[in-house]
Amino acid sequence: MSEAPEAGNRAAVRRAAVRMCVRCDRITDAPVVVAEVHQNSGPGFNVYACLECAPGFPPVPDVLELFGGPYEDGPERDEREE
């Protein structure tokens, strides 16, 4: 078992990001975000995959591209029908 860091030296110790791959269920220390789950109440969460499985997922879309509008070839705010 490793020794705990001294009280004044805790900032120097970083834990590696360890997540489970959503496709193969293996634990990986190099997780890749492949989806973002949004919820109506409470915080959402990220879905991770390992480096081998990540290329099989579509890219995570930009939120501003999902709705169209002035950010993506849509009418400007004052030109929209209300």
Side-chain angles (χ1 to χ4, degrees):
M1 207 159 145
S2 63
E3 293 182 27
E6 295 178 18
N9 196 17
R10 288 189 181 181
V13 177
R14 281 188 66 156
R15 298 176 89 184
V18 178
R19 302 285 188 268
M20 186 176 76
C21 176
V22 69
R23 181 166 285 165
C24 68
D25 295 331
R26 288 185 292 172
I27 302 297
T28 177
D29 59 353
V32 178
V33 175
V34 293
E36 296 172 342
V37 178
H38 301 279
Q39 297 184 356
N40 289 334
S41 63
F45 58 93
N46 293 329
V47 178
Y48 296 92
C50 63
L51 289 173
E52 292 83 20
C53 295
F57 288 90
V60 177
D62 184 3
V63 175
L64 296 177
E65 293 176 1
L66 294 176
F67 299 109
Y71 304 106
E72 184 185 298
D73 299 325
E76 295 299 324
R77 177 168 284 174
D78 56 333
E79 296 174 1
R80 294 183 192 168
E81 294 179 20
E82 307 238 359

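Keep in mind the model is a prediction, meaning the values are calculated, not measured.
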> So which heavy atom on C50 is nearest to which on C21, and how close?
Replying inline: N-SG, 3.4 Å

> Quick one: hydrophobic cluster around Y48, which other residues, with the 4.5 Å side-chain cut-off, linked directly or via members?
Replying inline: V33

> Step by step, would you call T28 with L51 a side-chain contact (heavy atoms from CB on, under 4.5 Å)?
Replying inline: CA-CA 8 Å; T28 177; L51 289 173; 5.7 Å; no

> Are any non-hydrogen side-chain atoms of F57 and V32 less than 4.5 angstrom apart?
Replying inline: no

> Side-chain contact, heavy-atom cut-off 4.5 Å: V47 with V37?
Replying inline: yes

> Can you list every salt bridge (charged side-chain N to carboxylate O under 4.0 Å, His left out) pair that touches residues 34-53, not counting sequence neighbours?
Replying inline: R26-E52

>> Membership question, hydrophobic clusters at under 4.5 Å side-chain separation (ILVMFWY): are V34 and F45 in the same one?
In response: yes

